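The structure displayed is predicted, hence computed values, not measured ones. Below, read A as the first sequence line, B as the second, and so on, with proteins coming before strands; counting in each chain starts at 1.
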2 protein chains.
Amino acid sequence: MSDLEVRQLRYFVAVAEELHFGRAADRLGMAQPPLSRAIRTLERHLDVRLLERTTRRVELTPAGEALLRDARTALDAVAAADRRARNAGRPAPSLRLALKADYDAGLLPLILAAYQPHEAALPVELTLGGRGDQDPALRDGRADVAILPAPFDRHGLDSEPLLTEPRLVAMAAGDPLAARASLRLADLAGRSLPDGTFADMEGRPSGREGAGMSPPRGARSWDLAQIFNLVELGDIIWFLPVSLARRYPRPGIAYRTVADLAPSELHIAWPRDCRSRPVAAFVDAAMTVAAASFPRIDGRPRMTG
Amino acid sequence: MSDLEVRQLRYFVAVAEELHFGRAADRLGMAQPPLSRAIRTLERHLDVRLLERTTRRVELTPAGEALLRDARTALDAVAAADRRARNAGRPAPSLRLALKADYDAGLLPLILAAYQPHEAALPVELTLGGRGDQDPALRDGRADVAILPAPFDRHGLDSEPLLTEPRLVAMAAGDPLAARASLRLADLAGRSLPDGTFADMEGRPSGREGAGMSPPRGARSWDLAQIFNLVELGDIIWFLPVSLARRYPRPGIAYRTVADLAPSELHIAWPRDCRSRPVAAFVDAAMTVAAASFPRIDGRPRMTG
DNA sequence: ATCACTCATATCGCCAGGGTATCAATCGCG
DNA sequence: CGCGATTGATACCCTGGCGATATGAGTGAT
């Protein structure tokens with residue numbers, strides 16, 4: 001009759017992800033036997049078989065798959081409770097803004113200027129994360145609000161689009177394609193992108209969900225300087241919003257328009273059912289600024305898609 | 001460095017709700033000293049003061065208020081993981097539909113008939129709950145989908161309106177007002193309703209949230225037969241949707257229209273971010289049936305408000 | 001000043017949960 | 001077909017966390 005415990009969920013998630021008791025125990029920093037026992041206890045507690053296991057293979061039952069999903073969100077919720085309580089207890093609580101470095105389309109100073117005077121405003125603390133780390137940060141309470149490019153995993157979040165801006169391709173200045181008058185995605189087929197995918201896969205959803213998921217775990221995360229270096233060397237090409245291209249003019253790199261390259265959508269996102277006034281005020285400031293400053297980005301009226 | 005545990009959250013919620021260590025310990029079925037110690041441990045772990053306590057009073061700090069909210073949703077998420085895994089593990093998993101008894105506007109047989117042929121359909125299991133028990137049931141995993149009248153607490157849920165139907169007032173047949181040609185809410189001032197509130201408070205949000213909250217904990221829940229008896233005796237009056245009035249014609253009870261009584265909105269709700277095909281199919285069936293059958297309810301086109 | 005109330009501290013005992021050693025089952029290989 | 005390697009399960013011990021009881025100490029009311 002006792003309760004499900006966080007530890008049991010953590011253990012189960014580790015085993016379900018590794019599909020291997022030894023490695024999971026390793027990851028959890030414990031020995032394998034107590035882990036086996038804990039899973040068994042969990043199964044008895046739920047009166048459900050979660051893993052079908054032989055000595056050579058471990059696989060999830062349907063119930064296990066269901067629990068894996070629910071356990072992840074439950075663990076996120078617990079972690080969020082932890083982190084938010086910590087932040088709320090600090091003498092001067094701050095608004096933690098998660099941002100992909102430089103992916104603010106130049107709006108950040110304007111947004112901050114619009115936000116600070118608000119009566120509910122808190123000091124803003126920037127949390128710069130790698131690619132695809134903004135949305136998880138919101139879910140597990142590391143951040144209160146995030147500005148990030150679509151697509152991202154909307155699970156557990158509310159969001160609003162801030163602005164849409166065209167993207168350019170960055171390539172080495174000496175690249176033969178840089179001399180072309182116009183480019184299409186097809187011309188870039190086979191070129192590799194910073195995340196290891198290829199240019200002609202651009203925009204295609206990788207997972208089953210059309211809503212757009214974060215890149216898979218383990219995707220390499222580069223910082224901007226690294227990317228620019230690789231581009232200049234001709235190793236990769238890169239798609240980036242015009243605002244970012246303007247911020248980093250560089251002799252060795254050519255920026256070109258690509259006729260059929262989807263534009264970039266910058267969104268602002270926050271935890272669902274968030275009742276925090278500072279967050280609401282920040283979202284409001286960001287949307288106001290974005291709406292007002294958009295014409296400066298490319299001179300055309302706002303559009304989506 | 002250890003993790004936040006479910007037990008700690010349960011303890012904290014109990015104390016935060018009771019604002020009294022003794023009563024909270026009582027509710028948790030334990031002694032007071034270990035509870036005090038557990039809270040102290042939790043505070044040290046989070047490095048935050050959650051409760052300001054003297055020997056005579058206990059009150060929440062801002063951090064405590066934040067944690068109370070987050071802890072409740074985290075506990076709901078854990079309970080949901082538990083219950084959903086249990087259900088998914090059953091040899092024949094079912095779709096658990098939470099329903100306020102008889103509040104289906106006569107749609108239930110039609111919805112079931114529309115749902116059963118669907119390829120993703122599961123056997124439907126009815127969970128009849130008392131007043132205001134449908135939405136919590138969704139949040140903690142006791143149910144997969146619910147049909148319930150607005151307003152309800154939308155926190156953590158997605159929902160769609162099914163239909164809007166006028167409400168009538170039920171009163172004793174001998175009531176002087178039953179003879180009146182037309183009624184307004186003001187005429188009913190002072191009459192008490194089944195939930196202990198008064199007729200002239202009808203429709204006013206009790207909490208701070210305009211979104212509409214569930215009735216407060218501890219609100220008495222009556223079954224229909226009890227309510228009808230009390231109405232017939234003249235102890236109370238009752239507002240109910242026309243479909244319900246038609247289902248229970250009764251000599252001792254008069255049903256009358258009230259000109260300024262807000263209509264009843266029936267909604268279908270399910271846990272947010274639900275990826276279950278059976279649930280999606282059920283929602284689809286319900287909305288189709290509601291849209292198709294609505295003209296039969298009152299002959300007018302659908303409207304809201 | 002005393003009493004009642006309530007939260008904190010001290011101390012003890014138990015068992016949940018982790019560690020080590022070992023067994024048992026399955027697959028690969030010659 | 002037999003042997004070894006791999007991997008999950010079982011047996012057993014032991015520590016630390018958690019709960020209970022007894023008691024202390026601060027505060028408000030009469």
Side-chain angles (χ1 to χ4, degrees), chain A residues 1-61 63-65 67-68 71 75 78 82, chain B residues 1-61 63-65 67-68 71 75 78 82:
Chain A
M1 209 45 214
S2 83
D3 236 347
L4 206 52
E5 275 297 339
V6 166
R7 186 173 25 79
Q8 303 180 280
L9 294 179
R10 274 191 14 246
Y11 289 2
F12 172 73
V13 169
V15 176
E17 284 179 355
E18 300 284 347
L19 290 179
H20 189 288
F21 281 75
R23 280 194 297 275
D26 208 28
R27 195 171 106 187
L28 293 166
M30 66 186 291
Q32 168 260 320
L35 179 57
S36 286
R37 195 179 44 186
I39 298 294
R40 186 166 204 74
T41 306
L42 177 61
E43 287 181 328
R44 294 189 72 88
H45 173 74
L46 294 174
D47 199 27
V48 159
R49 190 138 194 87
L50 297 169
L51 297 157
E52 212 56 66
R53 42 202 189 275
T54 70
T55 53
R56 306 303 287 179
R57 213 170 52 191
V58 177
E59 49 194 25
L60 284 166
T61 64
E65 306 222 20
L67 183 61
L68 178 56
L75 290 176
V78 171
D82 183 319
Chain B
M1 208 47 209
S2 85
D3 237 348
L4 208 52
E5 273 299 338
V6 165
R7 186 171 24 79
Q8 303 179 280
L9 293 179
R10 272 187 20 240
Y11 289 2
F12 173 74
V13 169
V15 176
E17 284 178 357
E18 300 283 348
L19 291 178
H20 189 287
F21 281 74
R23 281 195 296 275
D26 209 27
R27 195 171 107 185
L28 293 166
M30 65 186 291
Q32 169 261 320
L35 179 57
S36 286
R37 194 179 46 185
I39 298 294
R40 185 167 203 74
T41 306
L42 177 61
E43 288 181 328
R44 293 189 74 88
H45 173 74
L46 294 175
D47 198 28
V48 159
R49 190 138 195 88
L50 298 169
L51 298 157
E52 213 54 68
R53 40 204 190 274
T54 70
T55 54
R56 306 304 287 177
R57 211 170 55 191
V58 176
E59 49 194 25
L60 284 167
T61 64
E65 305 223 21
L67 183 62
L68 179 56
L75 290 176
V78 171
D82 183 321

Round to a whole Å and report the spacing from [atom1] of [X] to [atom2] of [N].
X        : N       : atom1 : atom2 : value
Arg57(B) : dG28(D) : CZ    : P     : 9 Å
Leu35(B) : dT9(C)  : CG    : C1'   : 15 Å
Phe21(B) : dT9(C)  : CZ    : C1'   : 14 Å
Glu52(A) : dT26(C) : CD    : C1'   : 15 Å
Glu43(A) : dG8(D)  : CD    : C1'   : 13 Å
Glu5(A)  : dG17(C) : CD    : P     : 8 Å
Leu42(B) : dA8(C)  : CG    : P     : 13 Å
Arg53(A) : dG8(D)  : CZ    : P     : 10 Å

### Query
Would you say a side-chain N or O of Arg40(B) is under 4.0 Å from OP1 or OP2 of dT9(C)?
yes
### Task
Report yes if at least one side-chain N or O of Ser36(A) is closer than 4.0 Å to OP1 or OP2 of dA9(D); otherwise report no.
yes
Tabulated below should be each protein N or O lying under 3.5 Å from an N or O of nucleotides 13-15 of chain C; please produce it.
none

With a 4.5 Å limit on heavy-atom distance, are the side chains of [X] and [Y] in contact?
X        : Y        : value
Arg7(A)  : Tyr11(A) : yes
Leu67(A) : Leu46(A) : yes
Val6(A)  : Leu4(B)  : no

Where is the tightest heavy-atom contact between [X] and [Y], given as atom of each residue plus distance?
X        : Y        : result
Leu51(A) : Leu60(A) : CD2-CD2, 3.6 Å
His45(A) : Asp82(B) : NE2-OD2, 3.6 Å
Leu68(B) : Ala16(B) : CD1-CB, 3.8 Å

Extract all donor-acceptor atom pairs below 3.5 Å that involve side chains of residues 33-42 of chain B and protein atoms in other chains or at least two apart in sequence.
{"from": "Ser36(B)", "atom 1": "OG", "to": "Gln32(B)", "atom 2": "NE2", "distance (Å)": "3.0"}
{"from": "Thr41(B)", "atom 1": "OG1", "to": "Arg37(B)", "atom 2": "O", "distance (Å)": "2.8"}

### Summary
With B for base contact, S for sugar-phosphate-only contact and - for none (protein heavy atoms under 4.0 Å), nucleotides 12-17 of chain D reads B-----
### Task
Applying side chain to side chain donor-acceptor pair (under 3.5 Å), name anything that partners Arg10(A), two or more places apart in sequence or on another chain.
Asp3(B)
### Task
Scan residues 22-29 of chain A against DNA chain D and write down, sorted by residue number, each residue with any heavy atom closer than 4.0 Å; if none is found, say none.
Gly22(A)
Which residues pass the salt bridge (Lys or Arg N to Asp or Glu O under 4.0 Å) test with [X], not counting sequence neighbours?
X        : value
Arg57(A) : Glu59(A)
Glu43(A) : Arg49(A), Arg53(A)
Arg23(B) : Glu18(B)

Set out, line by line, the N/O atom pairs under 3.5 Å between protein and nucleotides 21-26 of chain D.
{"from": "dG26(D)", "atom 1": "N3", "to": "Thr55(B)", "atom 2": "OG1", "distance (Å)": "3.4"}

